[in-house]
There are 2 protein chains.
Amino acid sequence: MAVKRNTWQREAVREALDSRDGFVSAQGLHQGLRDAGSHIGLATVYRALADLANVGEADSLQSPDGESLYRACASTGHHHHLICRNCGLTVEIAATEVEQWARQTASDHGFTDARHIVDIFGLCAACTAAAAH
Amino acid sequence: MAVKRNTWQREAVREALDSRDGFVSAQGLHQGLRDAGSHIGLATVYRALADLANVGEADSLQSPDGESLYRACASTGHHHHLICRNCGLTVEIAATEVEQWARQTASDHGFTDARHIVDIFGLCAACTAAAAH
DNA sequence: ATCGCATTTGATAACCGTTATCATTACGCG
DNA sequence: CGCGTAATGATAACGGTTATCAAATGCGAT
């Protein structure tokens with residue numbers, strides 16, 4: 001484990017992730033890769049995603065029903081998401097103020113190594129209209 | 001299913017939830033009830049918690065490792081939590097500013113019916129000290 | 001108070017996503 | 001080219017949640 005090797009599988013996962021706009025589940029990504037003809041294994045997808053998340057190249061969050069969702073992450077900066085609970089549309093939101101608030105609040109209470117979960121679930125304009133009829 | 005019946009089990013779950021300060025996992029709550037001498041079943045705890053969450057008497061969130069956590073929801077006001085990822089210590093934090101920010105951000109993007117998840121996970125002072133030696 | 005019946009309960013099995021296992025493959029360096 | 005070792009992948013194990021279904025129980029009607 002001393003050195004990370006460059007395998008085509010890892011690249012495939014990275015690319016597949018980049019090519020998607022919203023969040024994808026590990027299984028979804030795996031399915032997509034298989035459909036595209038790749039013989040990549042499920043376990044490998046999980047490992048690759050976990051690695052990407054560790055290095056900071058991907059963001060992960062838990063969907064309301066317990067799945068882990070991943071998303072290619074603009075390398076710099078940490079941002080949050082506004083997610084349509086109906087169609088899955090995802091909007092990135094910069095939240096500098098919230099960042100600061102979170103850090104501040106955590107240290108006010110003596111907490112260290114603070115990570116925060118800040119995500120907003122709602123109905124996007126389109127789905128709101130569709131639901132209103 | 002037309003009418004909800006009042007069973008002692010449902011009450012037991014509600015009270016057990018009220019008596020706890022932070023978030024509890026369904027299994028944790030079940031364990032606690034069993035320890036307290038109750039013969040309540042695991043499935044029932046899950047059902048009761050889901051019901052409470054539906055009615056709005058409880059809030060639920062997903063822990064980073066995929067468990068569903070529940071907490072009694074103070075009827076008035078909505079607040080967030082600072083949770084020690086090691087010992088589970090939970091501190092309630094008022095977040096008026098964040099509330100407002102979330103609502104604003106959502107509507108800025110045309111989203112409606114916005115709920116937000118805002119929680120901070122970290123290491124509390126005690127656990128930080130313990131981990132540092 | 002009692003009856004009747006539909007809802008709820010509870011032990012367990014099924015489910016689903018994730019992680020571990022371990023023999024096999026193949027990257028990377030000399 | 002060849003070796004050592006990390007990565008892969010099929011599958012089993014795992015843990016939390018949900019479904020199943022017979023038995024128990026609340027609740028309105030009597």
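Numbered from 1 within each chain, the chains take letters A, B, ... in sequence-line order.
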Distance in angstrom units between B:Trp8 CH2 and C:dT9 P, rounded: 9 Å
Rounded to whole Å, please give me the gap between NE2 in A:His30 and C1' in D:dT11. 13 Å
Residue-phosphate contact under 4.0 Å: B:Gln62 side-chain N/O, D:dG16 OP1/OP2: no
Expressed as a whole number of angstroms, how long is the span from A:Tyr46:OH to C:dT18:P?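 Whole-Å distance recorded here is 3 Å.
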Length of the CG-P vector between B:Leu42 and C:dA11, whole Å: 9 Å
Roughly how many Å is it from CD in A:Glu67 to P in C:dC16, rounded to a whole number? 11 Å
Give, for atom CZ of B:Arg10 and atom CG of B:Leu49, the distance between the pair rounded to the nearest 0.5 Å.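 So the gap between those two atoms works out to 10.5 Å.
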Between the base of D:dA6 and the side chain of A:Arg5, is there a donor and acceptor pair under 3.5 angstrom? yes
For A:Arg10, answer base if it contacts any base atom (sugar-phosphate contacts may also be present), sugar-phosphate if it contacts only those atoms, and nothing otherwise; contact means non-hydrogen atoms under 4.0 Å. sugar-phosphate
So B:Trp8 and B:Ser38, do their side chains get closer than 4.5 Å, heavy atoms only?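 Heavy-atom side-chain distance check passes, below 4.5 Å.
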Give a yes/no on whether any side-chain N or O of A:Gln9 is located under 4.0 angstrom from OP1 or OP2 of C:dC27. no
Could you check whether any side-chain heavy atom of A:Leu29 comes within less than 4.5 Å of a side-chain heavy atom of A:Leu17, counting everything from C-beta outward? yes
Distance below 4.0 Å between A:Ser68 side-chain N/O and C:dT18 OP1 or OP2: yes
Kindly give the heavy-atom pair with the smallest separation between A:His30 and A:Val45, and that separation in Å.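 Closest approach of A:His30 to A:Val45: CD2-CG2, 3.9 Å.
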Selected nucleotide, minimal atom distance to B:Arg47 side chain, candidates D:dT20, D:dA7, D:dG9: D:dT20
By nearest atom, which of the nucleotides D:dG9, C:dG28, C:dT9 is closest to the A:Ala43 side chain? D:dG9
Distance test, side-chain N/O of B:Gln27 to OP1/OP2 of D:dG15, below 4.0 Å: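 Checking D:dG15 against B:Gln27, no side-chain N or O comes under 4.0 Å of OP1 or OP2.
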Between B:Glu67 and B:Gln62, is there a side-chain heavy-atom distance shorter than 4.5 Å?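 A side-chain contact is absent here, since even the closest heavy-atom pair is not under 4.5 Å.
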Check: A:His109 and A:Thr105 side chains under 4.5 Å, non-hydrogen atoms: yes
Given C:dT9, is OP1 or OP2 found less than 4.0 Å from the side-chain N or O atoms of B:Thr7?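 Yes.
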So how far off straight is the helix from C:dA1-D:dT30 to C:dG30-D:dC1, going by the axes through five pairs at either end, to 10°?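 Computed angle between terminal axes is 40°.
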For atom NE2 of A:His39 and atom P of D:dG9, their distance in whole Å: 10 Å
Heavy-atom distance under 4.5 Å between the side chains of A:Val13 and A:Leu52, does that happen here? yes
Nearest-Å distance for atom pair CD1/P, residues A:Ile40 and C:dT25: 18 Å
Take the protein atom CG of A:Leu61 and the nucleotide atom C1' of C:dG17, then report the distance between them rounded to whole Å.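 It works out to 15 Å between those atoms.
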